[in-house]
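Here is the structure we will look at, set down as structure tokens.
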Amino acid sequence: MPSIERPSKPTRQYLILCVLFAWALVAELAISGWIIYSAATAAHHAAAPFTNRSQTIQILHLSPGYEHSGLQPADEILALNGEPIRGAEQLENILFNVRPGETLAVTVRRSGHGEPQIQTISFRLHAGSTDVLSWIFLLGVMVLFPLSCVLLGFYIAFARPADPLAWITLGMLASFGQLVGVAGYWVVWSPWREIFFTYHSLLSDLWPAWMVLFAFFFPIPFTFIRKHRWLNWVVGSPLLALCAFEVYLS
């Protein structure tokens, strides 16, 4: 009787998945720990008076309680308490270390209808707080949701390690869980800061690319498209190139 050869196990794929899973789990748990720590110690830190645009020193919007501080959205921050601000890292570190009740002097450049004006605006900081609804949002959306996406994605990939669509689904789910941004990375100490940036930036920037690849590999019911698969790449290649450029910028 001829022997029946059993299909070999995809050892290499399992090894890669184990390494990626360990990296993702460490990153997710570290980010979750930072989110919970920030919320639990909010009363000991002054509430940030504004949110700046991503990787810039321009005010995006003012935080509740600071609407009448004198600051305005689109103001460009030049200095805090007389210390010149050169980037987002320095900005976040100063704001994280100020305490409730202290006076913050913010020097801004404001562009109006005429020449830009430089103003220094001083106001008193108040304590941050985390209410029940904020805790529900943080734990549900910022902690459990991304962790669930990662676990579900790896479950699918471990179940079908030789299926390209399973790997693409893993990337889609992991990226989807990072679409909700987390602020305050700059104040985290190394090497966790680098883990945060690499993990979050890579996944959030690649979300459109995973969608395009999923469309490429998903069974196509139309005969014309099935016979001319190259059309998918013609349509999707510009978007994939833009995603790669965004990863490079991050």
Side-chain angles (χ1 to χ4, degrees), residues 7 9-39 54-55 133-185 188 191-221 225-226 229 232-233 235-250:
K9 293 184 178 180
T11 306
R12 183 175 58 182
Q13 288 90 331
Y14 280 131
L15 180 61
I16 295 174
L17 282 172
C18 287
V19 173
L20 292 176
F21 181 68
W23 176 56
L25 195 60
V26 168
E28 286 290 352
L29 293 178
I31 293 174
S32 298
W34 169 249
I35 292 172
I36 294 173
Y37 168 78
S38 299
S54 178
Q55 306 302 322
L133 291 179
S134 298
W135 272 111
I136 293 175
F137 175 81
L138 289 173
L139 295 178
V141 177
M142 308 293 288
V143 176
L144 296 179
F145 172 68
L147 184 60
S148 299
C149 288
V150 167
L151 294 177
L152 179 59
F154 275 100
Y155 173 79
I156 295 172
F158 273 107
R160 303 176 64 90
D163 186 355
L165 196 58
W167 286 77
I168 294 172
T169 304
L170 165 61
M172 287 177 57
L173 287 170
S175 295
F176 186 61
Q178 292 301 309
L179 293 183
V180 180
V182 181
Y185 284 152
V188 181
W192 303 109
R193 178 174 59 188
E194 287 73 19
I195 293 176
F196 286 5
F197 270 118
T198 304
Y199 182 78
H200 176 73
S201 299
L202 186 64
L203 289 179
S204 60
D205 291 343
L206 286 179
W207 163 250
W210 295 121
M211 294 290 290
V212 172
L213 292 174
F214 186 83
F216 286 177
F217 283 88
F218 197 80
I220 302 174
I225 298 297
R226 189 182 302 113
R229 288 273 187 167
N232 289 333
W233 293 101
V235 175
S237 293
L239 181 57
L240 293 176
L242 288 174
C243 289
F245 184 65
E246 181 67 23
V247 171
Y248 168 75
L249 292 178
S250 296

Distance check, rounded to the nearest 0.5 Å: Leu173 atom CG versus Phe154 atom CZ? 10.5 Å

Distance-only, no hydrogens or angles: does the Trp210 side chain make a donor-acceptor pair with backbone N or O of Thr169 under 3.5 Å? no

All heavy atoms of Glu194 vs all of Thr198, minimum pair found to be O-OG1, 2.8 Å

How many angstroms lie between CG in Leu144 and OG in Ser32, if you round to the nearest 0.5 Å? 8.0 Å

If we only count heavy atoms from C-beta on, is the Leu139 to Ile35 side-chain gap below 4.5 Å? no

Could you pull out the closest heavy-atom pair between Leu203 and Ser175, with the gap in Å? O-OG, 2.9 Å

Mind listing the closest non-hydrogen atom pair of His200 and Val180 along with its distance? CE1-O, 4.1 Å

Pair Phe176, Trp207 - check side-chain contact (heavy atoms from CB on, under 4.5 Å), show working. CA-CA 7 Å; Phe176 186 61; Trp207 163 250; 3.7 Å; yes

Tyr199 vs Ile31 side-chain heavy atoms within contact, under 4.5 Å: yes

Non-hydrogen side-chain atoms of Tyr14 and Phe158 separated by less than 4.5 Å: yes

Nearest heavy-atom pair of Gly177 and Pro146: which atoms, and what distance? O-CB, 3.3 Å

Are Trp34 and Leu29 close enough that some pair of their side-chain heavy atoms sits under 4.5 Å apart? no

Is any side-chain heavy atom of Tyr155 closer than 4.5 Å to one of Val150? no

Distance col, row Phe214:CZ vs Leu165:CG, nearest 0.5 angstrom, shows 5.0 Å

Any side-chain heavy-atom pair of Leu17 and Leu170 under 4.5 Å: yes

Least distance between heavy atoms, Ala30 atom then Trp192 atom: CB-CE3, 3.7 Å

Please list, chain by chain and in numerical order, all residues satisfying side-chain contact (heavy atoms from CB on, under 4.5 Å) with Leu147, sequence neighbours excluded. Leu25, Glu28, Leu151

Heavy-atom side-chain proximity of Phe21 to Ile16 below 4.5 angstrom: no

Spatial distance of atom CG (Leu15) from atom CD (Gln13) [nearest 0.5 Å]: 10.0 Å

Atom of Ala157, atom of Ala166 and distance for their closest heavy-atom approach: CA-CB, 4.2 Å

